[in-house]
Amino acid sequence: MKSNPYIKKFTAYIYDFPSLESFAKEERPFEKAKNIVRYLYYFLALKSTTMLFAGDTYFGTSENFSPVWSTLWVNLLSPADAITIIQFFFLASAFIGSFFYWNRIARIIAFLGVFELHALLSSFGIEVDHAWYPWLFVTFFLIFLPDTRAQTRHSLEGRKFFLLVFLAVQASVFFTYSMSGFGKIYGAINQIIGGGMHAFAPEALALHVAHWLASTHSVSLLGPFIIDHPWFGWPLFVGTIYLQFFALWILFKPSLHKLWAAGLVFSHIGIYVIMGLTYLSSAPLLILLFFDSPFHKPGTSWRKILLDLPIFGSLLRLFMDFRLSKMKK
Amino acid sequence: MPYNALKIFLLSFFIVYFFAGFYVSKTIRGEKYLIFPAFLFTQVPPQIGTEYTVRILEYGGKELDHPILFPDAYKLYFDNSIALPHYNSVIRRIGMNIWQGQSGEIGQYIEALERSFLSKPVVYEIVRVKFDTIEYWRTGKTIEEKSIATFNTEDAGL
């Protein structure tokens, strides 16, 4: 059966990720991925050290200690002792990960360090800790990496396996953003059906900011400006939804990895200057995993980058096809 | 683990997590430990909005001359090691459930809220506030304040 050229084009636009085997055949992507894995653990070592120096400032008071199932053992001790033990365990596990990242046992220990830290942070107060979720995913998926020191020369299969796990690690970070973007679009559809204000309305960000600043009695650098000039907020909010929603799709568009990661980091900075919300725990992951992505081909043209953009890329392709057909005529 | 099995496992993980996240986002808490749907700022506040807040009537056994609303009360009477937005979401859940007549769900949130008072006993109200969102931010003025429940930390529970 002859396939429709338009369907073929559309399929290529949605998914044109080269096979992992083609990446595994080259030395460069594998070596890059290996180095990034190493730096992820180095960052954890640095983070665990700074957290230790900060003492118990990240944690709540013992009156507000309400353990989740994975910290029930803390009931045998006091919350203060648990904080000390888990902080030192996190420190030790992160350093073990940094020194022996090529070994699966070390990576399991590093994951347990993050797991217990996140559990402890989630055991104080009312809400589960959100900041460490991306790291929880990342360290969990890293466990599946093959032991890279087991062989001196890595087989094609070994490299393919390694790159698949690395892709899953990248996916776990973009996945959270896509979920967040999906939630906003789903919420907007519900609000549009209900006939109320919605995320695509020009005043959406201004109302979010006013509500947030009023209910938290907080101030921000650009919040008042956005409230007074809602139209300035509209492209920022819609742009953030665009970046978040399509993040997982971008995973399969390596030409856009760096641009997307930078966009998401800037969206966090934007959220800070507009709403005063500091949520930057994903930023190091975005930078480390995507700024020098192993799947990005060096020398990718701007034309390719533009054509890969979600929605705008397809419009551009349509426009180019239209011009080409006109020229042919 | 064979390559294809890993591929299936990874794909299944993301699919299952997505649906689990979507499911828990519909629950009263909106999330569950280890399942975080990341559904943040999904509902745009309307121009004329309603919100739930806490009004402190008596604190440390003494009646207040001027009952004080959360978040003004946050710095004075609550454990500040917990961030203010966390209290907001708990108070919102308490308020919404009382308003919808589902008070059976709120015990854990009342308990968490009362654990956070720096001194006890405390008598407080859950108040439903109606406001113009922008005006409320500018002046703090509300259109309507309606007490929907009163609690005393000395009472044995709901």
Side-chain angles (χ1 to χ4, degrees), chain A residues 57 59-61 63-64 66 68-70 118-119 122 124-128 130 133 136 141 144 157 160-161 164-165 167-168 171-172 175-177 179-180 182-184 186-188 190-191 196-199 201 203-218 223 227 248 277, chain B residues 1-3 6-7 9-11 13-14 17-18 21-22 25 29 31-47 49 51 53 70-72 74-75 79 81-90 92 108-109 111-113 115-118 131 133-138 140:
Chain A
T57 50
F59 304 92
T61 56
E63 289 77 25
N64 271 303
S66 158
V68 293
W69 61 263
S70 48
H118 173 258
S122 301
F124 286 96
I126 306 149
E127 302 251 299
V128 172
H130 295 161
Y133 267 118
L136 201 61
F141 285 121
F144 294 93
E157 277 306 301
K160 210 171 114 183
F161 201 98
L164 174 66
V165 176
L167 190 69
S172 69
F175 175 75
T176 317
Y177 285 104
M179 286 269 282
S180 189
F182 171 80
K184 287 183 184 70
Y186 180 75
N190 276 336
Q191 286 194 303
M197 182 56 66
H198 55 86
E203 307 89 349
L205 185 63
L207 285 166
H208 264 310
V209 176
H211 187 265
W212 177 261
L213 295 181
S215 62
T216 55
H217 267 212
S218 54
I227 296 169
L248 203 53
L277 248 170
Chain B
M1 188 188 267
Y3 180 80
L6 179 70
K7 229 173 164 176
F9 165 74
L10 294 172
L11 202 63
F13 179 93
F14 286 116
Y17 198 92
F18 173 80
F22 189 68
S25 75
R29 212 183 166 110
E31 63 179 309
K32 203 168 168 55
Y33 172 57
L34 295 183
I35 302 174
F36 173 49
F39 284 9
L40 305 167
F41 299 103
T42 54
Q43 300 287 312
V44 179
Q47 186 75 45
E51 193 52 275
T53 190
F70 194 86
D72 285 324
Y74 171 68
K75 280 194 177 148
D79 177 359
S81 70
I82 298 171
L84 192 146
H86 288 199
Y87 284 108
N88 278 337
S89 61
V90 166
R92 190 175 301 129
Q108 54 173 322
Y109 299 108
E111 205 178 291
L113 186 73
R115 260 204 317 265
S116 308
F117 286 124
L118 294 176
F131 51 81
T133 305
I134 305 287
E135 196 55 30
Y136 186 52
W137 166 74
R138 270 192 231 283

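In what follows, every chain begins at residue 1, and chains take the letters A, B, ... in the order their sequences are listed. Any value given below was found using the heavy atoms of this structure, including those in side chains, with hydrogens, waters and symmetry copies removed. Since the structure is predicted, the reported quantities are computational estimates derived from the model, not experimental observations.
- Looking at A/Ala201, neither its backbone nor its side chain comes within 4.5 Å of chain B, counting heavy atoms on both sides.
- Both the backbone and the side chain of A/Phe161 come within less than 4.5 Å of a heavy atom of chain B.
- A donor-acceptor contact shorter than 3.5 Å links the side chain of A/Lys184 to the backbone of B/Leu40.
- With sequence neighbours excluded, no residue satisfies ring pair (Phe, Tyr, Trp, His ring centres under 6.0 Å) with B/Tyr3.
- No part of A/Leu248 comes within reach of chain B, as not one of its non-hydrogen atoms sits under 4.5 angstrom from that chain.
- For A/Leu277, the part lying near chain B is the side chain, with the backbone staying farther off; criterion is any non-hydrogen pair under 4.5 Å.
- In terms of modelled atom types and a separation under 3.5 Å, the side chain of B/Tyr33 and the main chain of A/Trp69 share no donor-acceptor contact.
- Contacts of B/Tyr74 with chain A are absent, with no heavy-atom separation under 4.5 Å from either backbone or side chain.
- B/Glu31 places no side-chain N or O within donor-acceptor distance of the main-chain N or O of A/Val128, the cut-off being under 3.5 Å.
- B/Tyr17 touches chain A through backbone and side chain together, each having a heavy atom under 4.5 Å away.
- Proximity of a side-chain donor or acceptor of A/Ser180 to a complementary backbone N or O of B/Phe39 within less than 3.5 Å is not detected.
- When heavy atoms are compared at a cutoff of 4.5 Å, A/His211 approaches chain B by way of both its backbone and its side chain.
- Checked against ring pair (Phe, Tyr, Trp, His ring centres under 6.0 Å), B/Phe117 has the following partners two or more places apart in sequence or in another chain: B/Phe78, B/Tyr124.
- The contact between A/Ser172 and chain B is made by backbone and side chain atoms together, counting heavy-atom distances below 4.5 Å.
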